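Keep in mind the model is a prediction, meaning the values are calculated, not measured.
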Amino acid sequence: MTDAHLPTPPQTVRASELLEGDDEGFVINAYLALQRQWPDPGGYGHYHWLLSQRPQARLEVLREIARSASAQRTGVVFEDDFPAEQTEAPRAGDPVQARLRYLSACERLRVPQLARQSLELQALLSGVSLEGIGEAVRTVIETSMAQLAQLESRLNSLQSELADLRARLHGPAAWPTEAPAEGSPAWMQRELLRLAQRVQTLEQGRVGDLPGRTPEELKRELADYVSAMVTVQTELAAQQQVSLALAAARGEVPPAGEAP
């Protein structure tokens, strides 16, 4: 994937498009939309705590992030389509439509960010030497495993939701037990663990224990794993759309828990 083919995040965002989701998902999307970055631990913790105390403060949070120096540097146009005197976010209307708006925002904001980070990582790894590959891979493994744990949890919740909806439509059906599909969170978790073992072997100087694995091959494999995360994120969004469509067809409201 070249820079020219990367999906691009919206240059103009409206406040009304960013209010959906649970507190975690709302804060993440607000940062991605306005600052073009994942929230830092301090900012995330601050806004998450604020919303736990004042759930109606989402509009206030958006305006504060939009005024930040980081947001100003991105050049993103923030359209505050609420009256200046309005300080509380409006109540959500139809839950299914609200969730669809949230998932749409996730797709517009998160997929471009993951794709760009994947490309940047591949470029970074292309210049990593054998001596430096251990530290580089370890950093990626730590961050990737945390993301995979979240993805896996959300995917399991989604599968349970889909199984319940399908059972209501067609009767109960057993989930097949098989090896994890290539590109799935379980598959990537297994592969990242294997890669972590290789890194440990490299750091201990036991390169001979990795027959047929050159530094270039290790770097290419790592880049492939990270690229696969973009695919999984997109597939997760697609499965959520199926879940919502099934719920809408039955006139049912999906569970309240949001998947960021």
Side-chain (E79) to main-chain (S16) donor-acceptor, under 3.5 angstrom: no
Nearest-0.5 Å distance that lies between atom CZ in R108 and atom CD in Q113: 14.5 Å
Return the minimal non-hydrogen interatomic distance between Q35 and S68, and the atom names on each side. NE2-OG, 2.9 Å
Over all atoms of both residues, closest heavy-atom pair of A33 and V76: O-CG1, 3.5 Å
Taking salt bridge (charged side-chain N to carboxylate O under 4.0 Å, His left out) as the test, write out the residues that go with D80, two or more places apart. R63
Just verifying a value: how many Å separate S70 OG and Q37 CD, rounded to the nearest 0.5 Å? 5.5 Å
Would you compute the distance between atom CH2 of W38 and atom CG of L109 and round it to the nearest 0.5 angstrom? 9.0 Å
Testing the basics here: between A71 and A66, what is the closest heavy-atom pair and its distance to 0.1 Å? CB-O, 3.6 Å
Do the side chains of N29 and R110 get nearer than 4.5 Å, heavy atoms only? yes
Looking only at heavy atoms, which two atoms of Y102 and G25 are closest? And how far apart? OH-CA, 3.3 Å
Who passes salt bridge (charged side-chain N to carboxylate O under 4.0 Å, His left out) against R101, sequence neighbours left out? E20
Where the side chain of D81 meets the backbone of R14, is there a donor-acceptor pair that is under 3.5 Å apart? no
Would a 4.5 Å heavy-atom cut-off, applied to side chains only, mark L103 and E107 as touching? no
Please list every donor-acceptor pair under 3.5 Å in which a side-chain atom of residues 43-62 meets a protein atom from a residue at least two apart or in another chain.
{"residue": "Y47", "atom": "OH", "partner": "E64", "partner atom": "OE2", "Å": "2.8"}
{"residue": "S52", "atom": "OG", "partner": "W49", "partner atom": "O", "Å": "2.5"}
{"residue": "R54", "atom": "NH2", "partner": "E60", "partner atom": "OE1", "Å": "2.6"}
{"residue": "R58", "atom": "NH1", "partner": "L19", "partner atom": "O", "Å": "2.7"}
{"residue": "R58", "atom": "NH1", "partner": "G21", "partner atom": "O", "Å": "2.8"}
{"residue": "R58", "atom": "NH2", "partner": "G21", "partner atom": "O", "Å": "2.8"}
{"residue": "R58", "atom": "NH2", "partner": "D23", "partner atom": "OD1", "Å": "2.9"}

